[in-house]
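First the structure, in the form of structure tokens, and then the observations on it.
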Amino acid sequence: MSIAIGSDHAGYPLKKFVIDFFEKNKIDYCDLGAFSEEQVDYPDFAHKVAQAVSEGKHESGIVICGTGIGVSIVANKHKNIRAALCCSVFMAEMARKHNNANILALGARTTEENDAINIVKTFLNTDFEGGRHAIRVNKISAFSEK
């Protein structure tokens with residue numbers, strides 16, 4: 001599995017923490033920035049991640065800003081993207097099982113590092129259930145076709 005990851009300056013420290021987890025666990029990732037805590041605009045990096053996932057360059061993505069709200073809004077503007085802001089393991093599990101979310105949004109100022117790792121693990125290791133949920137996800141996809 002290949003994961004695109006990106007953050008703004010506020011999300012940079014948490015992004016580094018997640019990347020350390022990826023490296024320790026030999027998880028394939030692509031860091032699309034930002035590369036420091038110097039002030040930047042979150043839409044630029046959420047766009048890069050969402051575009052990479054939308055184009056099939058990566059199977060999933062993770063976007064991080066101060067709250068996770070801004071990056072999730074930006075990512076969801078892209079075709080075939082279902083970004084979910086998850087503040088708990090349960091939310092990450094449901095985002096994957098019921099919504100087939102392909103981008104995880106995290107808030108660096110609202111999520112403790114160890115909680116974030118558990119959310120990431122759950123997001124990456126939970127499969128979409130399909131069935132009745134596939135009907136709903138297909139309806140979401142139909143809206144982006146218009």
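All values below come from the heavy atoms of this structure, side chains included, with hydrogens, waters and symmetry mates left out.
Counting heavy atoms from C-beta outward, Phe128 and His98 have side chains that stay 4.5 Å or more apart. When side chains are defined from C-beta on, Thr122 does not count as touching Met91, because their heavy atoms never get closer than 4.5 Å. Put simply, the side chain of Asn102 does not reach to within 4.5 Å of the side chain of Glu59, judged on heavy atoms. Taking 4.5 Å as the limit, some side-chain heavy atom of Val120 sits within range of a side-chain heavy atom of Leu106. In this structure, Lys48 and Gln51 have side chains that are not in contact, with every pair of non-hydrogen atoms separated by 4.5 Å or more. The side-chain heavy atoms of Pro13 and Glu37, taken from C-beta on, include a pair separated by under 4.5 Å. Under the 4.5 Å side-chain criterion, counting only non-hydrogen atoms from C-beta, Ser60 is not in contact with Leu104.
Side-chain atoms of Asp31 come within 3.5 Å of backbone atoms of Gly33 as a donor-acceptor pair (strictly under, hydrogens ignored). Counting only distance, with no hydrogens or angles, the side chain of Ser7 and the backbone of Cys65 share no donor-acceptor pair below 3.5 Å.
If you chain together ILVMFWY residues whose side-chain heavy atoms come under 4.5 Å of each other, Ile73 ends up grouped with Ile69, Leu85.
For the atom pair Ile119 CD1 and Cys86 SG, the distance stands at 7.0 Å (nearest 0.5 Å). Considering OG of Ser72 and CZ of Arg82, their distance stands at 15.0 Å, rounded to 0.5 Å. We find the CG-CG distance between Asn80 and Asn100 to be 11.0 Å, quoted to the nearest 0.5 Å.
When hydrophobic clusters are built by joining Ile, Leu, Val, Met, Phe, Trp and Tyr residues whose side-chain heavy atoms come closer than 4.5 Å, directly or via intermediates, Val49 is not grouped with Ile3. Hydrophobic clustering keeps Val53 apart from Ile19 (ILVMFWY residues linked when any side-chain heavy atoms are closer than 4.5 Å, directly or through intermediates). Linking Ile, Leu, Val, Met, Phe, Trp and Tyr residues whenever their side-chain heavy atoms come within less than 4.5 Å leaves Tyr12 and Phe17 in two separate clusters.
With Lys15 as the partner, the side chain to side chain contact (heavy atoms under 4.5 Å, CB included) test is satisfied by one option alone out of Ile62, Ile5, Asp8: Ile5.
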Phe123 and Ile103: side-chain contact (heavy atoms from CB on, under 4.5 Å), yes or no, with the steps? CA-CA 9 Å; Phe123 188 85; Ile103 293 183; 5.6 Å; no

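Nearest heavy-atom pair across Arg96 and Thr126 is NE-O, 3.0 Å. Summarising the geometry of Ala4 relative to Leu32, their closest heavy-atom pair is CB-CD1, 4.0 Å, with the distance given to 0.1 Å. Taking each heavy atom of Val71 and Ala105 in turn, the nearest pair found is CG2-CB, 4.2 Å. Residues Ala75 and Ile81 approach most closely at O-CG2, 3.2 Å, considering heavy atoms. The minimum heavy-atom distance linking Ala34 with Val40 is given by the pair CB-CG2, 4.0 Å.
Pairs of residues two or more places apart, or lying in two chains, that qualify as ring-ring contact (aromatic ring centres under 6.0 Å, His included) and include a residue from residues 31-73 are His47-His78.
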Sequence neighbours left out, cut at 3.5 Å: what donor-acceptor pairs do the side chains of residues 108-117 make with other protein atoms?
from   : atom 1 : to     : atom 2 : distance (Å)
Thr110 : OG1    : Gly107 : O      : 3.3
Thr111 : OG1    : Gly107 : O      : 2.9

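By the 6.0 Å contact criterion, CD on Glu38 is open, its count of non-hydrogen atoms from other residues, nucleotides or ligands being 12 or less.
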